[in-house]
Amino acid sequence: MPVRSLGAAGSAGSAAAPYSKELRLLLHVLHRATAGSPKSVCENIEGFGSHSLGQSRSWLKLAGGNKAPVLTCASQAAPPQTSVLEIGTYCGYSSLRLALAVPGAKIATADVDPAHVLIARNVLAFAGLEPPRVTVWTGHSTDLLPRLSAHFRPGSFGFVFMDQRGSLYHEDLDALERAKLLHQGAVLLADNVLKPGSPLLLWRLSADPKYQALQLSMEEFAMPVEDWMALAVIKDMASSPPEVPAPRLLRDLHEFSDEIRARALIPGRGIDFQEWKDLADEMKRGLHSLGITALAVEPSS
Ligand SMILES: C[S@@+](CC[C@H](N)C(=O)[O-])C[C@H]1O[C@@H](n2cnc3c(N)ncnc32)[C@H](O)[C@@H]1O
């Protein structure tokens with residue numbers, strides 16, 4: 001695809017040329033950022049997301065803005081000498097943030113979309129981050145996670161960032177536990193647990209004595225809408241998940257979150273900022289009625 005002819009908005013889910021937004025981001029990084037500097041590449045991605053796209057109301061779905069300091073602090077709380085696992089690489093922004101936050105750690109990041117993987121590998125290589133420091137895997141989490149134990153020793157991961165499809169978070173956590181890839185004391189951070197939502201993960205984390213968990217509330221990157229991140233620490237690796245089935249309302253909210261995801265991907269349709277706000281408010285009302293709340297994070301300056 002000729003990069004110069006890329007449409008103004010564009011993403012895998014819009015009516016514009018597929019991946020035009022992500023390719024414009026790559027071009028922006030290659031032209032504007034400093035080669036070999038993860039910090040410069042991060043700043044340029046954030047600038048592209050908040051200035052170039054913010055005005056067109058086309059949203060770059062990354063953990064920037066108020067979410068970035070949470071990602072940094074959470075990853076720095078991981079047990080020492082452990083590796084980082086990220087599920088949902090997209091264009092490599094959060095992998096760069098993680099590399100800056102934990103300079104000694106190896107980072108494995110995975111994405112199901114080969115186009116995203118190619119863009120992320122280019123962004124990361126431009127920033128000077130290549131395997132074995134940062135390795136981008138291609139694959140769907142459901143297929144990939146059970147296979148990781150062939151490449152990583154038990155207890156390898158002290159920090160996991162979940163930023164793939166949120167309705168799979170609880171199943172992916174089960175897969176990581178079954179594969180024994182998590183370290184005692186490992187920290188788990190999951191994005192977008194309000195918008196579009198991951199009710200079954202929140203239920204699992206609150207009900208399972210293995211985890212100590214809370215939700216953090218902040219404004220979404222480049223969008224004036226509230227979102228939550230779930231933060232959890234493995235307190236007792238030996239304890240078992242709860243036998244209690246999730247309440248009916250939680251299952252309904254799970255289906256609601258997947259309907260929102262499906263709507264967001266309809267080419268040429270998408271969801272505007274006001275609709276995102278209304279949907280997030282509806283999800284929040286449902287979660288609150290089940291006693292699931294979030295602590296507000298101070299906005300970053
Ligand atoms: C919200 S974006 C990730 C943003 C990125 N973490 C950041 O902050 O820069 C979600 C990504 O997850 C990928 N994805 C969705 N479902 C997945 C799955 N089940 N396994 C692996 N990747 C998945 C999508 O292709 C997309 O690139």
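All residue numbers in this chain count up from 1 along the given sequence. Atoms within a ligand are numbered from 1 in the order they appear, just like the ligands themselves. Just the heavy atoms: all of them, side chains too, but no hydrogens, waters or symmetry mates, feed the values below.
Judged purely by atom type and a 3.5 angstrom limit, Ser37 has no side-chain atom pairing as donor or acceptor with the backbone of Thr34.
The environment of Gln212 atom CD is sparse: at most 12 non-hydrogen atoms of other residues, nucleotides or ligands sit within 6.0 angstrom.
The salt bridge (Lys or Arg N to Asp or Glu O under 4.0 Å) analysis of residues 143-160, with sequence neighbours excluded, yields no pairs. The salt bridge (Lys or Arg N to Asp or Glu O under 4.0 Å) pairs that include a residue from residues 29-48 are Lys39-Glu43, Glu46-Arg97, where partners are two or more places apart or lie in different chains.
Ala115 meets the side chain to side chain contact (heavy atoms under 4.5 Å, CB included) test with Tyr19, Asp113; sequence neighbours excluded.
You'll find the side chain of Glu219 stays beyond 4.5 Å of the side chain of Asp227, heavy atoms only.
For ligand 1, the 4.0 Å heavy-atom shell contains residues Lys61, Leu62, Ala63, Glu86, Gly88, Thr89, Tyr90, Tyr93, Ser94, Asp111, Val112, Asp113, His116, Gly139, His140, Ser141, Phe161, Asp163, Gln164, Arg165, Leu168.
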